[in-house]
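Everything on this sheet refers to the single structure shown next.
In what follows, chains carry the letters A, B, and so on, assigned in the order in which the sequence lines appear, proteins first and then strands, with residues in each chain numbered from 1.
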2 protein chains.
Amino acid sequence: MSLKYAILGFLSHQPMTGYELKKAFDRSIRHFWPANQSQIYRTLADLTGDGLVDMEVIEREERLDMKVYHVTPAGREELVRWLSTPLPIQDYREPFLIQVYFGNQIPDEKLIAVLEHERNELEGLLALYKSLYGRYQQQLKSQPDSRALFLSVSTLEYGIASNQAALEWLKSLIERVQSGEYRLKDF
Amino acid sequence: MSLKYAILGFLSHQPMTGYELKKAFDRSIRHFWPANQSQIYRTLADLTGDGLVDMEVIEREERLDMKVYHVTPAGREELVRWLSTPLPIQDYREPFLIQVYFGNQIPDEKLIAVLEHERNELEGLLALYKSLYGRYQQQLKSQPDSRALFLSVSTLEYGIASNQAALEWLKSLIERVQSGEYRLKDF
DNA sequence: CTGTCCATGTAAGGCGTTACATGATTGT
DNA sequence: ACAATCATGTAACGCCTTACATGGACAG
């Protein structure tokens with residue numbers, strides 16, 4: 001259960017409400033760990049039950065109460081332990097590849113439409129990642145010794161590098177399907 | 001629910017038992033769609049209920065009955081329909097990247113151990129994919145017009161290309177963490 | 001005689017998604 | 001006047017995993 005640790009990670013930067021956590025996820029790690037709101041609230045309840053986070057109710061006149069969560073010493077310990085633990089390699093699931101794998105059952109025309117669609121999606125994603133990355137490059141110039149900033153931004157590099165490779169493959173696949181020359185690559 | 005369609009895909013090649021399907025998954029698409037046995041049996045029951053596959057019970061003296069599943073015309077239609085439908089881009093989840101993102105909370109030594117571990121896993125995976133790929137290269141030489149074979153093998157190319165890119169990134173990350181020079185890449 | 005392969009499933013639980021529900025404040 | 005933002009959650013469902021259960025055949 002990695003969501004738990006992502007939450008501990010964010011809260012170790014600073015105490016937050018569930019709502020703010022949701023925004024933190026969307027702003028920063030959505031590209032490798034999306035989380036939705038109900039999941040965040042449920043996990044916060046679990047973490048509180050396990051004594052890994054504490055909750056502070058802030059009453060506000062005229063508005064709903066706010067619950068601010070912060071990491072306990074036990075939570076910080078557990079986070080560090082997990083961060084230091086090598087994980088088994090992750091299972092990968094990509095429905096689009098099922099379509100390619102069984103693609104012989106549809107004609108070129110339809111197959112290429114599916115491939116082009118995927119290509120557009122990938123190009124959009126890459127453009128997004130690159131623009132985010134550009135901003136961080138500027139930021140890191142002004143704080144070149146920030147290990148924290150560097151590590152967090154490096155996850156975007158991962159997204160760019162692997163999606164770029166996937167895109168190149170996809171473009172080559174489209175060409176080969178179109179030309180009917182079913183040659184494999186050399187690695 | 002993509003598992004459903006992967007099963008229809010396999011059964012459209014030839015009728016099989018649940019057990020044989022499990023082996024087919026493990027042999028061929030595990031790298032982008034792992035499936036376990038209980039899941040396969042449950043999904044076969046669902047597909048039968050929906051009239052997309054038919055089941056034939058084969059009684060064998062001395063041994064347990066065998067249930068052979070085959071695609072119905074409705075199933076074939078549904079498969080073709082799905083194969084032709086562009087899918088929204090898939091959410092990606094990679095717990096290892098959570099460790100990198102919050103890596104500033106552990107010392108270099110431990111962080112590098114985690115990174116090196118991932119590197120080993122990736123190298124193992126790549127070696128596996130490449131050896132499988134090599135075999136298919138041979139096979140495709142003897143049947144150079146096989147669109148079906150080409151498309152299915154191309155999914156391995158995807159795995160090799162994107163994991164190769166991830167590995168290169170990881171090696172560079174390890175170097176940068178070790179040297180303490182937190183420079184970003186140019187894309 | 002022990003383990004692996006063939007072949008079938010059930011049970012329980014965890015993780016994640018989607019939809020629903022409430023209600024005040026702030027911006028257009 | 002209406003939509004978006006802030007802020008909290010619940011309910012129901014779906015998919016996947018892990019563990020459990022059965023039992024014959026065959027190989028070392």
| Does a nitrogen or oxygen in the side chain of B:Lys22 sit under 4.0 Å from OP1 or OP2 of C:dC6? |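 False: B:Lys22 side-chain N/O out of range (4.0 Å or more) of C:dC6 OP1/OP2.
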
| said: Need to verify one output field. Residue with the more 5' nearest nucleotide on DNA chain C, B:Thr17 or B:Asp91? | reply: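 That would be B:Thr17.
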
| query | Toward the 5' end of DNA chain C, which comes first, B:Lys67 or B:Arg93, by nearest nucleotide? | reply |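 Closest to the 5' end, via its nearest nucleotide, is B:Lys67.
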
| query | Is there a residue in residues 28-48 of chain A whose heavy atoms reach under 4.0 Å of DNA chain C, and which residues are they? | reply |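 Heavy-atom contacts with DNA chain C come from A:Trp33, A:Asn36, A:Ser38, A:Gln39, A:Arg42.
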
Spacing between [X] atom [atom1] and [N] atom [atom2], to the nearest angstrom:
| X | N | atom1 | atom2 | value |
| --- | --- | --- | --- | --- |
| A:Asp26 | D:dT5 | CG | P | 12 Å |
| B:Ile7 | D:dC15 | CD1 | C1' | 13 Å |
| B:Met55 | C:dA7 | CE | C1' | 14 Å |
| A:Met66 | D:dT8 | CE | P | 7 Å |
| B:Glu56 | C:dT8 | CD | P | 13 Å |
| A:Tyr19 | C:dA24 | OH | P | 17 Å |
| B:Ile58 | C:dC6 | CD1 | P | 16 Å |
| B:Met16 | C:dC6 | CE | P | 14 Å |

| field | Steps toward side chain to side chain donor-acceptor pair (under 3.5 Å) verdict (B:Glu78, B:Tyr5) | value | CA-CA 9 Å; B:Glu78 172 65 2; B:Tyr5 297 101; 2.5 Å; yes

| message | Does A:Lys23 reach a base, just sugar-phosphate, or nothing at all? Heavy atoms under 4.0 Å. | response |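 It contacts sugar-phosphate atoms only.
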
| message | Using a 4.0 Å heavy-atom cut-off, does B:Tyr69 contact any base of the nucleic acid, only the sugar-phosphate backbone, or nothing at all? | response |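 Answer is sugar-phosphate: B:Tyr69 comes under 4.0 Å of backbone atoms only.
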
| query | What distance do B:Thr17 atom OG1 and B:Glu56 atom CD have between them, rounded to the nearest 0.5 Å? | reply |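 Output value for this atom pair is 12.0 Å.
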
| task | Please lay out, stage by stage, how A:Phe102 and B:His13 fare under the test ring pair (Phe, Tyr, Trp, His ring centres under 6.0 Å). | result | CA-CA 10 Å; A:Phe102 294 109; B:His13 291 336; 5.7 Å; yes

| request: Evaluate the ring pair (Phe, Tyr, Trp, His ring centres under 6.0 Å) criterion for residues B:Tyr92 and A:His31: first the C-alpha distance (whole Å), next the side-chain angles of each, then the deciding distance (0.1 Å), finally the verdict. | output: CA-CA 7 Å; B:Tyr92 187 71; A:His31 60 289; 8.9 Å; no

| message | Please check if the number of heavy atoms outside B:Gln143 that lie under 6.0 Å from its CD is greater than 12. | response |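 Above 12, so yes.
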
| Side chains of B:Lys130 and B:Gln164: do they bring a donor and an acceptor to under 3.5 Å? |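 B:Lys130 vs B:Gln164: donor-acceptor pair found between side chains.
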
| message | Using ring centroids (six-membered ring only for Trp), state whether B:Phe10 and B:Phe25 fall under 6.0 Å. | response |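 For B:Phe25 and B:Phe10, the ring centres are under 6.0 Å apart.
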
